[in-house]
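Reading through the structure tokens given below for one structure.
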Amino acid sequence: QVQLVESGGGSVQAGGSLRLSCAASGYTASMAWFRQAPGKEREGVAGIYDDGSTRYADSVQCRFTISKDNAKNTLYLQMNSLKPEYTAMYYCAAGWRFRALSPGSYSYWGQGTQVTVSS
């Protein structure tokens with residue numbers, strides 16, 4: 001069983017930056033960030049995989065950077081140039097499917113951290 005604990009969310013003005021962290025208690029081949037806004041489906045934001053490759057949703061390409069510190073077993077999401085439409089609960093997820101960015105491909109989930117971007 002892998003436990004995931006997110007941190008780093010908060011409120012920021014449009015154009016600002018935040019860095020999310022996710023501390024993991026065990027190893028999995030794939031880790032990713034998802035977000036879910038009120039009334040909307042959960043969507044994949046960025047994933048990082050066992051070979052070091054990454055994958056991003058088109059909407060955040062060039063704005064967000066996913067990384068992982070293997071020594072600390074911690075996942076990060078650096079978010080720059082934030083927009084109000086990025087307001088959502090952000091979730092860390094872990095699993096075993098390579099290069100997956102769909103919610104059904106991940107077995108373990110954190111509780112989420114709220115990101116609010118004001119205009």
Which pairs of donor and acceptor atoms, one on a side chain in residues 79-90, lie under 3.5 Å apart (sequence neighbours left out)?
unit_1, atom_1, unit_2, atom_2, d
Asn80, OD1, Ser17, OG, 3.0
Asn80, OD1, Gln78, NE2, 2.9
Tyr86, OH, Ser59, O, 2.8
Tyr86, OH, Arg63, NE, 3.4
Thr87, OG1, Pro84, O, 2.9
Thr87, OG1, Val117, N, 2.9
Thr87, OG1, Val117, O, 3.3
Tyr90, OH, Arg35, NH1, 3.1
Tyr90, OH, Tyr86, O, 2.7

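Proximity of Phe34 to Glu41: side-chain heavy atoms (C-beta onward) are nowhere separated by under 4.5 Å. Taking the side chain as every heavy atom from C-beta outward, Thr65 and Tyr56 approach each other to under 4.5 Å. With a 4.5 Å cut-off on side-chain heavy atoms, Glu6 and Ser21 do not count as touching. Between Thr28 and Tyr106, the closest side-chain pair of non-hydrogen atoms is not below 4.5 Å. Two residues are said to be in side-chain contact when any heavy atoms from C-beta on lie closer than 4.5 Å; Glu43 and Gln36 fail this criterion. Residues Tyr27 and Asn73 form no side-chain contact, since every pair of their non-hydrogen atoms from C-beta on lies 4.5 Å or further apart.
Cation-pi check for Arg55 over Tyr49 is not met; the charged atom does not lie both under 6.0 angstrom from the ring centroid and within 45 degrees of its normal.
Under the 4.5 Å side-chain contact rule for hydrophobic residues, Tyr91 and Val45 do not share a cluster. Hydrophobic clustering places Tyr108 together with Leu77 (ILVMFWY residues linked when any side-chain heavy atoms are closer than 4.5 Å, directly or through intermediates). Taken together through direct or relayed side-chain contacts under 4.5 Å among Ile, Leu, Val, Met, Phe, Trp and Tyr, Leu4 and Trp96 form part of one hydrophobic cluster. Under a hydrophobic-cluster definition in which Ile, Leu, Val, Met, Phe, Trp and Tyr are linked whenever side-chain heavy atoms come within less than 4.5 Å, directly or via other members, Leu20 and Tyr76 are assigned to different clusters. Val5 and Val2 fall into different hydrophobic clusters, where Ile, Leu, Val, Met, Phe, Trp and Tyr side chains are chained together by heavy-atom contacts under 4.5 Å.
Within a 6.0 Å radius of CD in Gln61, more than 12 heavy atoms belonging to other residues, nucleotides or ligands are found.
Judged purely by distance below 3.5 Å, without hydrogens or angles, the side chains of Arg97 and Ser30 never pair a donor atom with an acceptor atom.
Between Trp33 and Phe64, the ring centre distance reaches or exceeds 6.0 Å.
A distance of 7.5 Å separates NZ in Lys68 from CG in Leu75, rounded to the nearest 0.5 Å.
No donor-acceptor pair closer than 3.5 Å links the side chain of Ser105 to the backbone N or O of Pro103.
Considering every non-hydrogen atom in both Leu101 and Ala32, the closest pair reads CD1-CB, 4.1 Å.
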